[in-house]
Q: 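Sharing a structure with you now.
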Amino acid sequence: MNRMPSGKSMHSSYLCGLDIGGTKMAATVADRNGPLARVTEPTAKSGTNRAPGEQAVALLKKACNDAGVNFDEVESVGVSSCGPFVKHQDLIQMVAPNICGGIGKQGDLPNTWTSVPLEEVLREHFRTVTIENDCVAALAAERAFGNLQDIASCAYVTWSTGIGFGLCVDGRLLRGKNGNAGHAGHMLMTDQSTAQCGCGNLGDVEALVSGRNLEMRYRRSPEELFNAARDGDAEAHTIVVEATRWFGRALFNVTTTLDISKFVIGGSIWQHHGDWLEPLVIHELSSHMPALTAGVTLSSPGLNAFVADIGALYLAMPEDWPIGWRESKPWKHMPPEKPECPGGK
Ligand SMILES: [Zn+2]
């Protein structure tokens with residue numbers, strides 16, 4: 001590990017990364033050679049709406065402590081967070097229906113928050129705070145280090161607790177007016193379904209296919225449901241094939257809109273079941289308008305389960321670090337993630 005003598009005018013040789021999901025939060029500290037320590041906890045959902053931000057700071061302090069790094073010396077944090085975001089006095093707040101009980105429509109959260117002041121809390125501790133939607137951060141990391149290098153028009157998709165997209169067209173990452181480009185998991189697919197998303201929509205992509213919503217509809221955990229479908233349970237197979245068809249149709253809609261040539265698909269459901277679901281998705285995607293969809297490819301993340309952590313760090317990274325990481329691929333040396341229930345992020 002490179003240790004740097006502390007000095008007030010010296011640029012910090014460390015940076016912090018945060019991956020904030022609806023289920024889990026991960027904090028990482030890194031130096032120019034790669035991640036040094038990583039700690040995770042279930043995302044805080046009780047107390048005041050500052051709780052997730054304060055939990056993030058506590059986890060980052062713990063990661064720094066584990067790595068022998070002085071937390072007060074770290075100036076920058078990159079944050080890969082579930083969205084959507086709103087800006088309040090120019091600071092990003094999270095308004096995620098999977099975290100904020102005051103806006104979630106499913107009544108299963110132990111709080112009444114309508115927003116989480118994430119940037120405000122982090123700015124009390126860091127000089128530079130860079131927050132991106134988690135799929136945009138993952139997309140940036142896959143373009144820098146993974147399976148989307150040199151692909152000008154591409155997307156990162158997660159199939160997990162929720163459904164999200166990060167979008168890149170002609171080499172430009174799309175962000176939108178509040179950093180919410182890519183929330184295509186909430187695009188409406190049908191009026192014929194009673195499946196309800198946490199956002200309140202009936203029949204949007206996330207309502208129809210996300211791990212959380214499948215569990216609420218069918219009272220079967222995503223892990224059990226997808227494993228049973230793979231093993232030939234007829235009822236589970238019907239449910240999973242239908243969900244996969246909707247997922248493939250969502251990829252078709254995004255392809256027709258943005259002329260995408262490659263999707264990297266992450267998230268725990270795809271991580272565990274992409275091998276047998278991929279032909280179904282490709283069939284749905286490519287069975288319409290071949291002029292737009294022929295040759296579109298799918299891939300898993302090159303950064304495997306650490307795409308969100310590396311994405312967060314990449315957001316805060318000095319310009320001269322990525323070249324070394326591209327060579328040494330430090331994510332390959334990170335301790336493996338404990339097995340999780342597919343559908344939990
Ligand atoms: Zn929705």
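Residues: numbered from 1 along the sequence shown. Side-chain atoms are counted along with the backbone in the values below, which use heavy atoms only and exclude waters and symmetry mates. Note that ligands are numbered from 1 as they come in the structure, with each ligand's atoms numbered from 1 the same way.
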Q: For the atoms SG of Cys199 and SG of Cys197, give the angle they form at the Zn ion (ligand 1), rounded to 10 degrees.
A: 100°
Q: Is the Zn ion (ligand 1) under 2.8 Å from any N, O or S atom of Glu206?
A: no
Q: Can you give the angle Asp204 OD2 - the Zn ion (ligand 1) - His186 ND1, rounded to 10°?
A: 120°
Q: Do the charged groups of Lys87 and Glu119 touch, with an N to O distance under 4.0 Å?
A: no
Q: Can you confirm whether the side chains of Trp276 and His273 place a donor and an acceptor under 3.5 Å from each other?
A: yes
Q: Take a 6.0 Å sphere around CG of Asp191 and say whether it holds more than 12 heavy atoms from other residues, nucleotides or ligands.
A: no
Q: Would you please say whether a donor-acceptor pair under 3.5 Å links the side chains of Asn147 and Ser299?
A: yes
